[in-house]
Amino acid sequence: MPANPAPLRILQPDDWHLHLRDGASLAAVVGATARIFARAIVMPNLKPPVTTVAAARAYRDRIVAALPPDASFVPLMTLYLTETLAAAEIERARDSGFVHAIKYYPAGATTNSESGVTAIERAYPALEAMERAGVVLCVHGEVTDPDVDVFDRERVFIERHLSGVVARFPELRIVVEHLTTRDGVDFVRACGPHVAATLTPQHLLYSRNALFGGGFLRPHVYCLPVLKRETHRQALVAAATSGSPKFFLGTDSAPHARGAKENACGCAGCYSAPSALELYAEVFEGAGALDKLEGFASLHGPDFYRLPRNTGHVTLSRRDHVVPAELPFGDTTIVPLRAGETLRWQATLGSDPIFQPPPGN
């Protein structure tokens, strides 16, 4: 690539895996996503979890109310899969026009997953109803058995559970979220068109070595599923940049207060929303595949979810800028991914490449 390539213009992207929290935390972070993304699949793991269409409608209203005045961002809502989720609620979700997926969390796998599924077989009636209704299943693909090594949880989940779900429900559309391993990439590639996956910036940028950079534990790159070996990262990059419609953008941007991350019991999650598209552009540039970024960011996701592609555009320009060291987060602060570091790309809405600093700069 030349030192200063021409600006890259792509259709406005969507984020197919996003955490927005609620209350003051929601108000602090939603604008970072709305700055660039037209829509996002919003995760339902609040306290209490979003398990009904009525609760999803109320949460959507709170998101819209928290948006900056000029934002046109559309939240795409999800329900939290429980072992008692009724077929009638799944049909209401299908008919709502604003609930676009149901999220499977293994109980205890990640933030606010205590209400998740303890044995996936117990959710089979709900999965059967989802298959009939044409509702997408979003999967946090890990086992939580204490005898399974944390770095093997995704592979074991695929072997023990997901392969059986795909065989039992062949028409169920499944998104394996935040894929982290070569095993996961191979599995998704081998499945039919009803199985796809999202890929996060942190799993594309970092191997597990990043958790211990400089000899220190780095809490702001600690996420679940945890970062994996470099060979797995390379497989993820190859999948993202391949042009395959099975892989698309899902940040899993997960805001946590600085004090909750820099803690003896620090929580998992990377807050990537303020610079997400720029981070993906860095990955694609490094792989010599900027021409594939639009498909990954703007085309494959809406096609899989059977939603129209966006009609607006985003321009990515080569212009160095520094990610803020921290940002406001309710009555505290939050540390974004790559805090204090210089990014090479800057994204702006529309076709005008004039520099506009992200929130907090």
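Being a predicted model, the structure only gives us computed values, none of them experimental.
- Linking ILVMFWY side-chain heavy atoms closer than 4.5 Å, directly or via other members, places Leu277 and Leu11 in two distinct hydrophobic clusters.
- Note: Phe304 and Phe248 have tilted aromatic rings, judged against thresholds of 30 and 60 degrees for the angle between ring planes.
- Note on Asp186 versus Arg189: no salt bridge recorded, every NZ/NE/NH1/NH2 to OD/OE distance being 4.0 Å or above.
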Query - salt bridge (charged side-chain N to carboxylate O under 4.0 Å, His left out) evaluation trace for Arg132 with Glu171 - result: CA-CA 8 Å; Arg132 289 196 309 268; Glu171 298 302 313; over 6 Å; no
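- In summary, the side chains of Arg9 and His313 do present a donor paired with an acceptor at a separation below 3.5 Å, with no hydrogens or angles considered.
- The closest side-chain donor-acceptor pair between Asp15 and Thr251 falls under 3.5 angstrom.
- Side chains of Thr118 and Glu83: a donor on one and an acceptor on the other come within 3.5 Å.
- In this structure, OG in Ser253 is found 8.0 Å from CG in Leu20, a value given to the nearest 0.5 Å.
- Proximity of a side-chain donor or acceptor of Thr333 to a complementary backbone N or O of Pro328 within less than 3.5 Å is not detected.
- Because its NZ or CZ atom is both nearer than 6.0 Å to the ring centre of Phe151 and within 45° of the ring axis, Arg208 counts as a cation-pi partner of that residue.
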Query raised in the report: Given the rule in the side chain to side chain contact (heavy atoms under 4.5 Å, CB included) test, do Tyr305 and Ile41 qualify, once you have shown the distances and angles that lead to the verdict?
Result: CA-CA 10 Å; Tyr305 275 87; Ile41 286 282; 3.8 Å; yes
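- Judged by the 6.0 Å distance and 45° axis criteria, Arg318 is positioned over the aromatic ring of Trp345.
- Considering every non-hydrogen atom in both Leu81 and Val117, the closest pair reads O-CG2, 3.8 Å.
- With Thr82 contributing its side chain and Leu85 its backbone, the two residues share a donor-acceptor pair below 3.5 Å.
- The hydrophobic cluster containing Leu299 does not contain Leu8, counting ILVMFWY residues as joined when their side-chain heavy atoms lie under 4.5 angstrom apart, directly or transitively.
- Val64 and Val74 are assigned to two separate hydrophobic clusters, defined by single-linkage of ILVMFWY side chains at heavy-atom distances under 4.5 Å.
- Grouping the Ile, Leu, Val, Met, Phe, Trp and Tyr side chains by contacts below 4.5 angstrom, directly or via other members, places Phe329 apart from Val335.
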**Report entry** Stepwise side chain to side chain donor-acceptor pair (under 3.5 Å) check, Gln346 with Ser317
**Finding:** CA-CA 5 Å; Gln346 178 63 51; Ser317 303; over 6 Å; no
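- A 4.5 Å side-chain heavy-atom check between Arg39 and Leu307 finds at least one atom pair inside the cut-off.
- Two residues are said to be in side-chain contact when any heavy atoms from C-beta on lie closer than 4.5 Å; Val29 and Arg21 fail this criterion.
- By the 4.5 Å heavy-atom criterion applied to side chains, Thr348 and Val314 are not counted as neighbours.
- Applying side chain to side chain donor-acceptor pair (under 3.5 Å) to His220 and the options Lys261, Arg338, Glu262 leaves one that passes, Glu262.
- Minimum heavy-atom separation, Pro255 to Ile334: CB-CD1, 3.3 Å.
- Rounded to the nearest 0.5 Å, atoms CG (Asn209) and CG (Leu227) are 9.5 Å apart.
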**Report entry** salt bridge (charged side-chain N to carboxylate O under 4.0 Å, His left out) evaluation trace for Arg92 with Asp95
**Finding:** CA-CA 5 Å; Arg92 280 190 285 271; Asp95 297 339; over 6 Å; no
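- Annotation: side chain of Tyr80 is not in contact with side chain of Tyr104 (no heavy-atom distance under 4.5 Å).
- Residues Glu278 and Arg344 are not paired through a salt bridge, judged by the lack of any N-O separation under 4.0 Å between the basic side chain and the carboxylate.
- Taking CD1 of Ile63 as the start and CG of Asp61 as the end, the distance is 9.0 Å to the nearest 0.5 Å.
- Side-chain atoms of Arg218 and Phe212, non-hydrogen and from C-beta on, never get closer than 4.5 Å to each other.
- Nearest heavy-atom pair, Trp16 versus Leu76, reported as atom, atom and distance to 0.1 Å: CZ3-CD1, 3.6 Å.
- With 3.5 Å as the limit, one finds a donor-acceptor pair spanning the side chains of Lys228 and Thr180.
- The two residues Arg62 and Asp22 have their closest heavy-atom pair at NH2-OD2, 2.8 Å.
- You'll find the side chain of Phe296 stays beyond 4.5 Å of the side chain of Thr241, heavy atoms only.
- Residue Val30 comes nearest to Leu67 through the heavy atom pair CG2-CD2, 3.6 Å, listed as atom of the first residue, atom of the second, then distance.
- When side chains are defined from C-beta on, Asp320 does not count as touching Leu343, because their heavy atoms never get closer than 4.5 Å.
- Closest approach of Phe37 to Phe73, counting heavy atoms only: O-CD1, 3.5 Å.
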Report task. Start with the C-alpha distance between Glu230 and Arg233, add both sets of side-chain angles, then the distance that settles salt bridge (charged side-chain N to carboxylate O under 4.0 Å, His left out), and finish with yes or no. Result -> CA-CA 5 Å; Glu230 174 64 11; Arg233 188 196 71 82; 2.8 Å; yes
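- His178 pairs in a side chain to side chain donor-acceptor pair (under 3.5 Å) with only one of the listed residues (His203, His17, His140), which is His140.
- Rounding to the nearest 0.5 angstrom, the gap separating the OG atom in Ser96 from the CG atom in Leu79 is 8.0 Å.
- When hydrophobic clusters are built by joining Ile, Leu, Val, Met, Phe, Trp and Tyr residues whose side-chain heavy atoms come closer than 4.5 Å, directly or via intermediates, Val156 is grouped together with Val176.
- Using a 4.5 Å heavy-atom cutoff, the side chains of Leu337 and Tyr206 are in contact.
- Taken to the nearest 0.5 Å, the CD atom of Glu154 stands 13.0 Å off from the CZ atom of Arg182.
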Requested in this report: Check step by step if salt bridge (charged side-chain N to carboxylate O under 4.0 Å, His left out) holds for Lys103 and Glu177.
Outcome: CA-CA 10 Å; Lys103 177 63 180 279; Glu177 297 192 306; 2.7 Å; yes
